[in-house]
Amino acid sequence: MTKGTQDLEMLRHSTTHIMADAVMQLFPNVKLGIGPAIENGFYYDFDMEHVLKPEDLPKIEAKMKEIIKKNLKFEKREMDRKEAIQFFKEKGQTYKVELLKKLDDANVTIYQHGDFVDLCKGPHVNFSKKIKAFKLLSIAGAYWLGSEKNKMLQRIYGTAFPTKEELEKYLNNLEEAHKRDHRRLGKELDLFSIHEECGAGFVYWHPKGAMLRSIIEEFLKKENLKRGYEFVAIPHIAKIDLFQTSGHTGYYKENMYFMEIDKQDYVIKPMNCPGHITIFKRKLISYRDLPIRYFEFGTVYRYEKSGVLHGLLRVRGFTQDDAHIFCRPDQLMDEIHKVIEFVDFVMKKFGYEYKVILALRPEKFVGSPESWDHAEEILEEVLKKNKIDYEPEPGGGVFYGPKIDIKLKDALGRLWQGPTIQVDFNLPERFDLTYTGEDGKKHRPVMIHRAILGSLERFIGGLIEHYGGNFPLWLAPTQVAILPLADRHNEYANNVAEELQKQDFRVTIDTRSEKIGNKIRNAEVEKIPYMLIIGDKEMEAKKVSVRKHGKGDLGQKSVKEITASFVKEL
RNA sequence: GCCGAUGUAGCUCAGCUGGUAGAGCAACUCAUUCGUAAUGAGUAGGUCACCGGUUCGACUCCGGUCAUCGGCUCCA
């Protein structure tokens, strides 16, 4: 940690103490939860009768300013832990008592400013006047100690900076981030919608969004083919038996949709693996056939709690670029290596930075601990061999195997779960998958689940924010807008459009009887990468005027010249 | 699922303490044929999320449901 971030943390931590002080002064019977500094600010959790409303925030801010003005000293005190328990008990701060009881230390520190005392490691700023720029941002509910089983407390989020200018800048950035929100851009650019009357968490792709999706699908199909994957396709509904065999009805039940057909139990697939396995099992497999790599854009449906749905990033029906690799144990490492290379290739294509996480055995798991250890070792070895930086995450694996998760960083630095590579020793066992070895005996293959994008919905949601809706030429649903100045230019404009379409460019032509300024504005708002403006001068010169989105006029060019430059840009 | 907020025209939003609704943009029609981010005029568009209650009368008050938003928990 650098000196700067340490100072910032100290400032924010001190600000949250002031906020807690203000809340306690304004409302009766406030019990304090915890109040740490976080990445972009701070929060404090409160348990109190008064239900916080947005209107309360300015009042709390005003009280905070009053407190700060007094320029109170932050004083540190050491206390015997038992003494501290007694101290907070007397104050009725039961949450602090609970925290103290969990600590092992003989001594604890408490910080005080004015009449406000809090259990706290510190450090803090020395005087309250050091706090110069802060803002309370939002109110939220949060479970005590982050557990669903505990009481829900009221949390106030805020942020603080050393100077007013830095605070302003942060708030502006927040606003900019809001403008890039894929839900907002999805509406503005007419890409997709989700409808109350059709069901929460189910996405309707409009022509432009579906085009974007299809471009990504085509790209991925080609790249999967190049790498020896074969396409398969499976039904969305299956008898429950299939998922009983796989174990999903046991471990994944709360996320599955069940239905009845002809008095028999069926499910809507929450995962594609059992389907791909069924195809693998259709015949005897020789060791010479392996590895077998089955790929599909597989749509799955999973029940997600109503409160967690979020635009395209968390939905109830989504399509994974899913593949299952069946291989011999001796091929495992090489296959994982190839998948990692594939991931790297695709992420570079989209300009994503990413972070690699090695997710290890969770509490709920199937299979033996030994097979888990073995799989975890192999993943770790591949990462080390390829000198890939990764973060281990104990307990982060799915129930059927450890995985390498790749989190994508968008332009705002937020991380999204994207590609995932999972080793599975369990399903081959459950489905009794075998291949015939060189020795003529049956052997057990190993399975790898992998998705490069993860889910198309989530990936595209992230992509919209990553580019802020300004898609590169190869992804833009509409690449070129042709804008004739007046009706007499329409014929020539149509010819240009046809010529571009013949070369597979996605073109729109605006023949409305509007002024050119209006047409340009329209195309700019739609974030179409190129505009071709056609008037008398262009017709005469047999050229078009090129205008680039966000950049402006590039001057006259012939159609040949622009298609050549487009091809280069792709 | 939990805590809180919100739900008015395709979109963005007005509508004080109860008397069934407006604006801008978009759409449509007409005029205009224009040189690099909004031409003008007109027309049409709403069971005020849904269900129930209170009331002579509900967009407005009360209850429930659904959905969205900010979080928590959980996850691709």
Side-chain angles (χ1 to χ4, degrees), chain A residues 43 45 51-56 137-157 178 181 183-184 187-188 190 193-201 252 254-255 270-271 298 300 302-322 396 398 403 405-408 416-420 422 449 451 453-459 461-462 483-490 511-526 531-538 545-555:
Chain A
Y43 67 77
D45 289 343
V51 176
L52 287 166
K53 295 197 184 72
E55 306 91 85
D56 291 328
L137 298 171
S138 61
I139 299 162
Y143 297 110
W144 167 240
L145 298 179
S147 168
E148 250 181 314
K149 292 179 186 108
N150 291 338
K151 184 170 182 186
M152 183 157 271
L153 310 180
Q154 302 190 66
R155 175 175 294 180
I156 301 177
Y157 282 96
H178 188 63
D181 189 309
R183 290 166 298 186
R184 180 175 173 153
K187 207 180 255 180
E188 284 173 8
D190 196 19
S193 53
I194 297 169
H195 301 266
E196 186 174 345
E197 65 274 26
C198 307
Y252 210 67
E254 58 269 30
N255 289 292
M271 292 194 188
V300 294
R302 300 180 185 174
Y303 173 75
E304 298 288 349
K305 289 178 179 176
S306 60
V308 305
L309 300 172
H310 184 98
L312 292 178
L313 301 177
R314 190 81 183 270
V315 293
R316 284 180 174 162
F318 56 96
T319 302
Q320 298 175 306
D321 63 321
D322 207 1
V398 257
K403 57 178 180 172
D405 269 344
I406 290 168
K407 309 251 181 193
L408 305 182
W416 305 106
Q417 167 70 59
T420 169
Q422 307 172 356
H449 307 248
L453 305 181
S455 102
L456 277 172
E457 282 74 8
R458 177 172 288 181
F459 187 79
L483 313 177
L485 245 93
D487 289 351
R488 64 178 177 282
H489 308 123
N490 285 356
T511 55
R512 294 173 308 148
S513 72
E514 288 288 349
K515 286 185 170 179
I516 195 67
N518 181 295
K519 295 184 184 186
I520 286 169
R521 182 186 149 75
N522 215 26
E524 289 282 356
V525 168
E526 284 184 44
M531 285 149 272
L532 304 182
I533 292 147
I534 291 167
D536 291 335
K537 290 183 237 165
E538 287 77 12
S545 279
V546 184
R547 182 187 162 101
K548 191 169 181 168
H549 166 64
K551 293 257 159 60
D553 198 355
L554 300 182

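Naming convention: chains lettered A, B, ... in sequence-line order (proteins, then strands); numbering from 1 in each chain. Heavy atoms only: backbone and side chains are in, while hydrogens, waters and symmetry mates are out.
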Nearest-angstrom distance from the residue atom [atom1] of [X] to [atom2] of [N]:
{"X": "A:K305", "N": "B:C75", "atom1": "NZ", "atom2": "C1'", "result": "10 Å"}
{"X": "A:I194", "N": "B:G7", "atom1": "CD1", "atom2": "P", "result": "20 Å"}
{"X": "A:R184", "N": "B:C13", "atom1": "CZ", "atom2": "C1'", "result": "13 Å"}
{"X": "A:N522", "N": "B:U39", "atom1": "CG", "atom2": "C1'", "result": "15 Å"}
{"X": "A:E196", "N": "B:A67", "atom1": "CD", "atom2": "C1'", "result": "4 Å"}
{"X": "A:E526", "N": "B:C11", "atom1": "CD", "atom2": "P", "result": "17 Å"}
{"X": "A:D553", "N": "B:G35", "atom1": "CG", "atom2": "P", "result": "14 Å"}
{"X": "A:H178", "N": "B:U12", "atom1": "NE2", "atom2": "C1'", "result": "12 Å"}

Closest contact, heavy atoms only, [X] versus [Y]:
{"X": "A:V546", "Y": "A:L532", "result": "CG2-CD2, 4.0 Å"}
{"X": "A:N150", "Y": "A:W144", "result": "ND2-O, 2.7 Å"}
{"X": "A:G454", "Y": "A:D321", "result": "N-OD1, 3.2 Å"}
{"X": "A:R512", "Y": "A:N522", "result": "NH2-ND2, 3.5 Å"}
{"X": "A:R302", "Y": "A:Q320", "result": "NH2-NE2, 3.6 Å"}

Detail all sub-3.5 Å separations between protein N/O atoms and N/O atoms belonging to nucleotides 4-6 of chain B.
none

- Task: Give the C-alpha distance, both sets of side-chain angles, the deciding distance and a yes or no for side-chain contact (heavy atoms from CB on, under 4.5 Å) between A:L483 and A:I534.
- Result: CA-CA 6 Å; A:L483 313 177; A:I534 291 167; over 6 Å; no
- Item | With A:S193 via side-chain hydrogen bond (donor to acceptor under 3.5 Å, both in side chains) - residues at least two apart |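 So A:S193 forms a side-chain hydrogen bond (donor to acceptor under 3.5 Å, both in side chains) with A:H195, A:H206.
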- Message: I'd like to check the side-chain hydrogen bond (donor to acceptor under 3.5 Å, both in side chains) partners of A:K305; sequence neighbours left out, ordered by chain and number.
- Response: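 Once residues adjacent in sequence are excluded, the partners of A:K305 under the side-chain hydrogen bond (donor to acceptor under 3.5 Å, both in side chains) criterion are A:E148.
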- Item | Sequence-distant partners of A:S455, side chain to side chain contact (heavy atoms under 4.5 Å, CB included), two or more places apart |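 Testing A:S455 for side chain to side chain contact (heavy atoms under 4.5 Å, CB included), a comparison that skips the adjacent residues, returns A:F318, A:E457, A:R458.
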- Message: My understanding is that only residues two or more places apart in sequence, or in another chain, count here; which of them pass side chain to side chain contact (heavy atoms under 4.5 Å, CB included) with A:A142?
- Response: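 A:D45, A:R155.
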Using the [atom1] atom as the point on both nucleotides, what is the distance between [M] and [N], in whole Å?
{"N": "B:C16", "M": "B:U60", "atom1": "C1'", "result": "11 Å"}
{"N": "B:U20", "M": "B:A67", "atom1": "C1'", "result": "25 Å"}
{"N": "B:C48", "M": "B:A41", "atom1": "P", "result": "31 Å"}
{"N": "B:G71", "M": "B:A26", "atom1": "C1'", "result": "34 Å"}
{"N": "B:G10", "M": "B:U47", "atom1": "P", "result": "8 Å"}
{"N": "B:C13", "M": "B:C69", "atom1": "P", "result": "14 Å"}
{"N": "B:A58", "M": "B:C50", "atom1": "P", "result": "15 Å"}
{"N": "B:C74", "M": "B:G15", "atom1": "P", "result": "40 Å"}

- Item | Strand-adjacent residues in residues 145-153 of chain A, judged by heavy atoms under 4.0 Å from RNA chain B |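 Close to the strand are A:G146, A:E148, A:M152.
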I want to check one thing: is the phosphate of [N], taken as OP1 and OP2, less than 4.0 Å away from some side-chain N or O of [X]?
{"X": "A:H195", "N": "B:A49", "value": "no"}
{"X": "A:Y43", "N": "B:G70", "value": "no"}
{"X": "A:R183", "N": "B:C69", "value": "yes"}
{"X": "A:S138", "N": "B:G71", "value": "no"}
{"X": "A:Y143", "N": "B:G1", "value": "no"}

So [X], base contact, sugar-phosphate only, or nothing? Heavy-atom distance under 4.0 Å.
{"X": "A:K537", "value": "base"}
{"X": "A:G517", "value": "sugar-phosphate"}
{"X": "A:Y157", "value": "sugar-phosphate"}
{"X": "A:A140", "value": "base"}

- Not counting sequence neighbours, list each pair that qualifies as a salt bridge (charged side-chain N to carboxylate O under 4.0 Å, His left out) and has a residue in residues 545-555 of chain A.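 Matches after skipping sequence neighbours: A:E524-A:R547.
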What N/O pairs connect the protein and nucleotides 25-33 of chain B at under 3.5 Å? Give each pair on its own line.
unit_1, atom_1, unit_2, atom_2, d
B:U32, N3, A:S513, OG, 3.4
B:U32, O4, A:S513, OG, 2.6
B:U33, O2', A:R488, NH1, 3.4
B:U33, O2, A:D487, N, 2.9
B:U33, N3, A:D487, OD1, 3.1
B:U33, N3, A:D487, OD2, 3.0
B:U33, O4, A:D487, OD2, 2.9

- Task: Please state whether the base of B:C75 and the side chain of A:R316 form at least one donor-acceptor pair under 3.5 Å?
- Result: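 No.
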- When only distance counts, do a donor and an acceptor, one from the side chain of A:E538 and one from the base of B:G35, lie under 3.5 Å apart?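 By the distance-only test, yes, there is a pair.
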- Message: Between A:T511 and A:N490, does the side-chain hydrogen bond (donor to acceptor under 3.5 Å, both in side chains) criterion hold? Intermediate values first, please.
- Response: CA-CA 7 Å; A:T511 55; A:N490 285 356; 4.8 Å; no
- salt bridge (charged side-chain N to carboxylate O under 4.0 Å, His left out) partners for A:R488, two or more places apart: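 Once residues adjacent in sequence are excluded, the partners of A:R488 under the salt bridge (charged side-chain N to carboxylate O under 4.0 Å, His left out) criterion are A:D536.
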- List for me each residue that meets salt bridge (charged side-chain N to carboxylate O under 4.0 Å, His left out) alongside A:E196, sequence neighbours excluded, and say none if there are none.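 A:E196: no salt bridge (charged side-chain N to carboxylate O under 4.0 Å, His left out) contacts found.
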- Quick one: stems for RNA chain B, with Watson-Crick or G-U pairs under 3.5 Å, at least three in a row?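 RNA chain B stems, ordered by first number: B:1-7 with B:66-72, B:10-13 with B:22-25, B:27-31 with B:39-43, B:49-53 with B:61-65.
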Listing, residues 308-317 of chain A side-chain donor-acceptor contacts under 3.5 Å, not counting sequence neighbours, or none:
unit_1, atom_1, unit_2, atom_2, d
A:R314, NE, A:E304, OE1, 3.4
A:R314, NH2, A:E304, OE1, 2.6
A:R316, NE, A:E304, O, 3.0
A:R316, NH2, A:E304, O, 2.7

- Nearest nucleotide by nearest heavy atom, which residue falls closer to the 5' end of RNA chain B, A:G199 or A:N255?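 The residue mapped nearer the 5' terminus is A:G199.
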- Within the distance-only criterion (no hydrogens, no angle test), does the side chain of A:D56 pair as donor or acceptor with the backbone N or O of A:K53 below 3.5 angstrom?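 Answer holds: yes.
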